[in-house]
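Working notes for the structure below.
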Amino acid sequence: MSAPEPRAARHLLSVADLDAAAVRRILDTAVEMQEVQRRQVKKIPTLRGRTVINLFFEDSTRTRSSFEIAGKWMSADTINITGKGSSTSKGESLRDTALTIAAMGVDAIVMRHGASGAAHQVARWLDELGTGTSVVNAGDGTHEHPTQALLDAYTVERRLGSLDGRHVAIVGDVTHSRVFRSNLLSLAMLGAQVTVVAPPTLMPSGASAWAERDGFTLSHDLDAVLAGEVAGGVPDVLMMLRVQRERMSGGYFPTPREYTIGYGLTRDRLAAFTAASPHGVICHPGPMNRGLEIAADAADAASSLVLDQVSAGVAVRMSVLYHLLASEEGASA
Amino acid sequence: MADMPRPDSTIDAREVLSESDIARALKRIAHEVLEQSRGADDLVILGIPTRGVELARRLAALITEIEGREVLAGSLDVTMYRDDLRAQPTRAAQETQIPGGGVDGLVVVLVDDVLYSGRTVRAALDALADYGRPRAVRLAVLVDRGHRELPIRADHVGKNLPTSHSERVSVRLRGYDDEADSVTISGGAR
């Protein structure tokens, strides 16, 4: 065929690389991938002979290990490289590190980096050289974390059936959250209504224009949102964001205690949410600051999907690797 | 798996199996399966998506009716085991559903609509091995159109249909296609 292949087929840098049909395809395949997770012998031959490098310049437990497990269960060879302990600590540039790895003939680089846009940059360098290596963004600064958004959507859909018409409240450190930015895109594609709740200091500048353009609601009052006093009514999903103290130079809120009083999912708020939204669920991308943005009671509540999210992470990443790497023809129906 | 319909497939299509032909073929296959396995003990019928699943469901229902005891049907997706993954655009995986959760010690009857190169069956055998060790595996197909590329043959065949490579065989099943059951053949040299 003469039709050009969609560029999105090679890399997953942003949820915006996908359309609604591609998101659906990834989520549907993930359902079948989760079946592999329940087998006695967790191994399928799908990516036999493929090599996936996890290149992580920031700390990670669940993302890195779930990408590694996902690759291994599909018979790909997976290798982990961390910023510490690699030639980066000898002063090698990101470009040289990426080109070195690609020159070894790997099929994909799963990359986490502290700088927003790092994965895009690496993908562009590799495309210029025509290496054919796929890049998967596993978190770049405060920009995006597409596989997290996909697994959040997957987890909620498994519990609630569909996200279409559901009301999702995203609460917390919005400014520093790449999880928030990716989720905003995927939730819109899946038809959910979104309310963003944050203290004024942690709301990104220009948020009101952004909200107007993309059709979500802003609020500084978590209790009002939980009571359903915003468009969309009582939320079906509470997505709590981690307070990213490592990205803060101070001054965003006076004390942790004050943050918890205003924006934490405390025991009292959990009770209010459970009463107002009996089927409602709670998500957190982890790692959790228990007692800061989420109380232990909420993290361990029956409505908490935190561990389901971790479990879904492997299945969704298997699906992403399958759709990116299995074919040399790109994705189709 | 059967070929996907093409816009021109109806132009010179001729029907080779009608609804009643398909019903009779399945009934015969049900009896053959029972005869070969000497009854319905430890029998499980697994369809290969997509239309094999509907055929497996029907076959299990027929065997259940004949024997008077329930024989279970399920599905076995082979997408992740195909040997042409690199050359094809990726497809979404279909459902695998093994009744009772395992196949150890059972007689598994794999069901597909069209047997052609044999590569789908090869993938199905690999997939099945990851679920356990059946006592025996049999293969039932509605149509065998020849042109095998692997040493694989069917135990039970609805109809042997000699075809050329350029012809297309398309299977339609009520319950899956929202049309009457039929097998048609189209294309080929004129």
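Sequence lines set the chain letters: A, B, ... in the order given, protein chains first and strands last, and positions in each chain run from 1. All heavy atoms count here, side chains included; hydrogens, waters and symmetry mates do not. Everything numeric here is computed off the predicted structure, so don't read it as measured data.
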**Asked** Stepwise, does the side chain to side chain contact (heavy atoms under 4.5 Å, CB included) test hold for A:Arg50 with B:Arg86?
**Response** CA-CA 11 Å; A:Arg50 303 302 174 101; B:Arg86 279 181 192 239; 2.5 Å; yes
**Request:** Could you give me the CA-CA distance, side-chain angles and deciding distance for A:Glu32 and B:Gln94, then say whether side chain to side chain contact (heavy atoms under 4.5 Å, CB included) is met?
**Result:** CA-CA 7 Å; A:Glu32 306 313 318; B:Gln94 306 288 316; 5.9 Å; no
**Item:** CA sep, side-chain torsions, deciding dist, call: B:Met80, A:Met33, side chain to side chain contact (heavy atoms under 4.5 Å, CB included)
**Value:** CA-CA 10 Å; B:Met80 298 296 149; A:Met33 293 302 188; 3.3 Å; yes
**Prompt:** What do the steps show when you test B:Asp130 against A:Lys43 for side chain to side chain contact (heavy atoms under 4.5 Å, CB included), and what is the final call?
**Reply:** CA-CA 8 Å; B:Asp130 280 357; A:Lys43 201 79 163 177; 5.6 Å; no
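B:Thr90 places no side-chain N or O within donor-acceptor distance of the main-chain N or O of A:Ser327, the cut-off being under 3.5 Å. Checked by atom type and distance alone, the side chain of A:Tyr322 pairs as donor or acceptor with a backbone atom of B:Arg91 at under 3.5 Å.
Note that the CG atom of B:Asp126 and the CD1 atom of A:Ile44 stand 12.0 Å from one another [nearest 0.5 Å]. Note that CD of A:Glu35 and OH of B:Tyr131 are 3.0 Å apart. Values are rounded to the nearest 0.5 Å. Going from atom CG of B:Asp104 over to atom CD of A:Gln40 covers 8.0 Å, rounded to the nearest 0.5 Å.
Heavy atoms of other residues, nucleotides or ligands lying less than 6.0 angstrom from CD of B:Glu65 number 12 at most. Counting heavy atoms of neighbouring residues, nucleotides and ligands inside a 6.0 Å radius, atom CZ of A:Arg48 does not exceed 12 of them. Atom CD of B:Glu149 has more than 12 heavy atoms from other residues, nucleotides or ligands within 6.0 Å.
Neither the backbone nor the side chain of A:Met74 has a heavy atom closer than 4.5 Å to any heavy atom of chain B. At a 4.5 Å heavy-atom cutoff, A:Arg24 makes no contact with chain B through either its backbone or its side chain.
When every heavy atom of B:Leu85 is checked against every heavy atom of A:Thr46, the shortest pair comes out as CD1-CG2, 3.6 Å.
Interface check for chain B: of the options A:Pro45, A:Ala30, A:Ser319, the most heavy-atom pairs under 4.5 Å are formed by A:Pro45.
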